[in-house]
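Note that the structure is a prediction, hence the values are computed from the model and not measured.
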Amino acid sequence: MRRPLVLLLLAAILLPGTTVGLISWRAYEHTLESARDDRHQQARALREHMMRVFEAQSLAIELIDTELGDTPWPQVAKLPRLDAVIRRVVERSPHIESLWLIDPDGRVVAGGGPAEGSKGALEIGDDVSRRSYFQVLRKGADTYLTVDAAERSGPAISFSLARRRGEVPRPAAFDGAILVTIQLSYFEQFWRDYRLSDQGVVTLLRGDGELLARYPVPTDRRLLRLPANSSFFLARAKNNEEGDYRFNSLIDGVDRIYSYVRIPEMDSYIVVGTDRSVILVNWWQDTLTLSIIALLLTLALVAAALQAMRRGSALAHANHRLTALTDDLAAEVTRRRAAESTLVAREEHEAALHRANEALGAGEERFRLLFETLTQGVVIHDAAGRILSANAAAEQILGRTLAEMVGPAGDGVDWGAVDAEGQRVERADFPVMGALTTGRVVHGISLGIYNPRRSERRWLVIDAVPIQRPGDSAPSGAYAVFSDVTERRRGEQAQRLLIREVDHRAKNALAVVQAVIRLTKAETPHRFVEVVEGRVAALAHAHTILAMNRWEGALLRRLVQVELEAYDGQDGGRVEISGPDITVRPEAAQPLSMVLHELTTNAAKHGALAQPDGRLYVRWAVIDGGDAIQLDWQETGGPALGDGPARRGFGSTMIEASMRQQLQGGITYDWTYDGLHATIRFPADQLAPLDTLARGVPPDVALDEDDLPVEPAGQTGPRILLVEDNIPLGQLFREMLEALDYAVIGPYTNVPAALAAAHGKQIDAAMLDIEMNGAQVFPVAEALRHRGIPMLFCTGYSDVWEPEWADVPILRKPVTLPALRDRLAALLPAA
């Protein structure tokens, strides 16, 4: 009897602690892994934003390079428009700090930047020949991206993009450089808005360990450098692109876990750090709770085992004394006393068993309490895989009661399980069946299980542990422990979609700027620069307003105010603006901003705003019972315009096409003696939020004959169907295709019209935009595929998210003429 009691005592001491240790260890690993995945996602998103900013720098350099042309360096500083163009680029770009022109000897010839006296700025006449970017460009590099501390005045930091002067292809001889720097505060502001928790930090770290920028911003802005024995260098030696390390901050001394990703073309890293104590606070609390429960359970079991051992020892001693006292008694007395001793021993034994059973019941009750209060789901299976028991957390996560999961009812349950790729998983392939078959623990399996209570699929991470007693050849059962990670998975998907959408919108914006530059016509270079700057500024204003409103729409009043703010405060106010507060869709903000810009430019040059006494009234209202918006542009006190302008330029054509095709509205002109009266109307479907229009479903657009493109005339080349909802881009692509001797059918700006053309027109190939004013172009692509017509997608996205269209080639915006020629040549090799 003593050996079983000793074994029971050992089990009471070891089993609860071992179980809690295993559960806590798994929870610890899971907590650190989840935090690491979140930090990496944030770091990659911040790196992508930084690269998009440097693309905007490249565009500014190309604008200045175009302005310079072939002007020799001695005459660059005398160019009449150069200082004005540089000043406008710096003033109108929220992130550009300065822009400088450097001759082949390394001397700063012209440029502009921070106000006089600001630290970190270059000056005209400075010698930068020893700077790293100048040395690299002079040795033959085309472009150089650098992050340097300013050498002149303290610890100011400059983000710089340098490029050799000259149009592509570059001349063999080095002809100087153009340098653009970015404000450090721009990145710190973005990091502040993006940071997900008060305990996290975002850092820009150079490869040599120098801390260049940080948010939260330290009170002391001096440059710091990581010590040579820092764990950052050890981690980078293992993986130069991305990784993790732990370090006590040089700023505040906090122990943090950091994740870093490398920025291409720069020996620098984006680093996201999280306070280690914050990550583990919930784990510590859960572990403490489990430890207290295990301790109480251990104490109860140990007390019961010791009591049983003491009782057994007492019984043995009593039996020994009774035997010694009855040796010399008569046989009858001996028999009776033996009988009495046997009876007493039986009663004592039964009493001891009763007490042991009571102690065991108390232990089982405490174990049941632990089982039912765990936040993770736990399901216990028998050797055949049938469910025997489940805790409350499992019932909530799975959306089924225990009665629905056990017995015959549980055998017929359709769990609707799928793996991480969305493929159906049969019951025989569940993790618990694998543990029963192999007798081994199955770790970290991701499954999607349908929850009937919530009518949705919930994503679980499952561990399956077999139950196998010593000496058994096969497990007698198994239990599955799982956590609900649905919200984390949704967050990861949302971050991926955010990065994809930022990339798409940035490339589309660059493509529209390209179209504006190429399509603008002017009598002189001075006039060309002025017109292009105005139109690019209008696009930038629309994008700024949308960004401030999280791309959910733009306030119409703000679009009007931005275009007219230069005239609203002159001479007591020459502009009167009135109308209700309404918000237009993001897709309508850009064309409306361009239309208002063209009207403002015409009024300032030829209309009421060109006269000292001229006035402008802009009013808008919701009409037709809420079905339409009308905006009245009324000029008074201007010169007599007769029947309007004698010729129609790109601006007039773009206004009418944008109103009709992108906004499904129209504009009418009344050239009165006193000035222009323009009336703009568009449907209320262009307002945001658009509750009646689902993404991917084309709007109900009437096929007006005036909206359909004219058939190509005089073109004998292959016939290309062009589908593009952005008016400037559509005109640019048409000109590029005609320059390559293709006959263009289009551009079509909505899905119904393009679908009709895809079914009925004679077509040799097609060039399709994917996003079409709230709809998608895939119905048109399906019609073309059915006819066997080759096609390509022209889009700002990096890839096509629909698997069935992954084989269609992609031409990414912005589009160059050589790239378009090569794509179409591969698409139509016979032509």
Side-chain angles (χ1 to χ4, degrees), residues 505 508-509 512 534-569 573-604 607-609 615-635 651 654-670 676-693 699 725-728 749 773-774:
R505 287 178 176 171
N508 264 356
V512 173
R535 289 171 178 167
V536 171
L539 291 172
H541 293 155
H543 279 256
T544 299
I545 294 172
L546 287 172
M548 293 174 63
N549 202 28
R550 298 179 181 272
W551 286 90
E552 297 174 356
L555 195 65
L556 179 56
R557 180 186 303 277
R558 185 58 183 156
L559 291 175
V560 176
Q561 288 175 340
V562 167
E563 288 300 329
L564 296 174
E565 62 184 355
Y567 308 97
D568 193 21
R574 302 170 59 192
V575 178
E576 181 179 320
I577 300 173
S578 64
D581 288 337
I582 59 177
T583 304
V584 298
R585 297 169 57 198
E587 295 83 356
Q590 177 184 308
L592 267 178
S593 178
M594 295 294 289
V595 168
L596 292 170
H597 171 73
E598 296 298 330
L599 290 173
T600 302
T601 301
N602 291 336
L609 298 181
R615 293 183 64 83
L616 172 62
Y617 302 89
V618 183
R619 304 181 180 92
W620 62 90
V622 181
I623 62 173
D624 296 342
D627 292 337
I629 310 299
Q630 177 170 310
L631 183 146
D632 290 307
W633 179 283
Q634 178 68 64
E635 300 180 22
M654 186 200 64
I655 287 177
E656 296 180 7
S658 297
M659 291 303 305
R660 183 175 66 254
Q661 299 177 13
Q662 285 191 265
L663 299 177
Q664 287 83 54
I667 182 170
T668 59
Y669 302 98
D670 184 10
L676 169 65
H677 178 203
T679 302
I680 296 174
R681 288 171 61 97
F682 55 90
D685 285 346
Q686 300 299 330
L687 299 183
L690 192 59
D691 297 329
T692 60
L693 191 65
D725 65 337
N726 188 284
I727 299 303
T749 60
N773 235 348

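- Between the side chains of Tyr617 and Arg619, no donor N or O sits under 3.5 Å from an acceptor N or O.
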Pair Ile667, Phe682 - check side-chain contact (heavy atoms from CB on, under 4.5 Å), show working.
CA-CA 9 Å; Ile667 182 170; Phe682 55 90; over 6 Å; no
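- Side-chain contact between Leu599 and Ile680 is present, with heavy atoms from C-beta onward closer than 4.5 Å.
- Put simply, CG on Leu559 and CG on Leu596 are 6.5 Å apart, with the number rounded to the nearest 0.5 Å.
- Atom CG of Leu631 sits about 6.0 Å away from atom CG of Leu556, to the nearest 0.5 Å.
- A donor-acceptor pair under 3.5 Å links the side-chain atoms of Glu635 to the main chain of Ala608, judged by distance alone.
- Between Ala621 and Pro580, the shortest heavy-atom contact is CA-CD, 4.2 Å.
- Distance check, rounded to the nearest 0.5 Å: CD of Gln630 to CZ of Arg681 gives 5.5 Å.
- Not counting sequence neighbours, the partners of Asp581 by the side chain to side chain donor-acceptor pair (under 3.5 Å) test are Arg557.
- Using modelled atom types, one side-chain atom of Arg574 and one backbone atom of Leu609 make a donor-acceptor pair closer than 3.5 Å.
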Between Asp632 and Val618, does the side-chain contact (heavy atoms from CB on, under 4.5 Å) criterion hold? Intermediate values first, please.
CA-CA 6 Å; Asp632 290 307; Val618 183; over 6 Å; no
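- Between the CG atom of Asp670 and the CG atom of Leu676 there is a distance of 8.0 Å, given to the nearest 0.5 Å.
- Heavy-atom minimum distance, Trp633 versus Leu564: CH2-CD2, 4.0 Å.
- Minimum interatomic distance between Leu555 and Thr583 (heavy atoms only, all atoms of both residues): CD1-OG1, 3.8 Å.
- The shortest non-hydrogen separation linking Tyr669 to Ala678 is CD2-CB, 4.2 Å.
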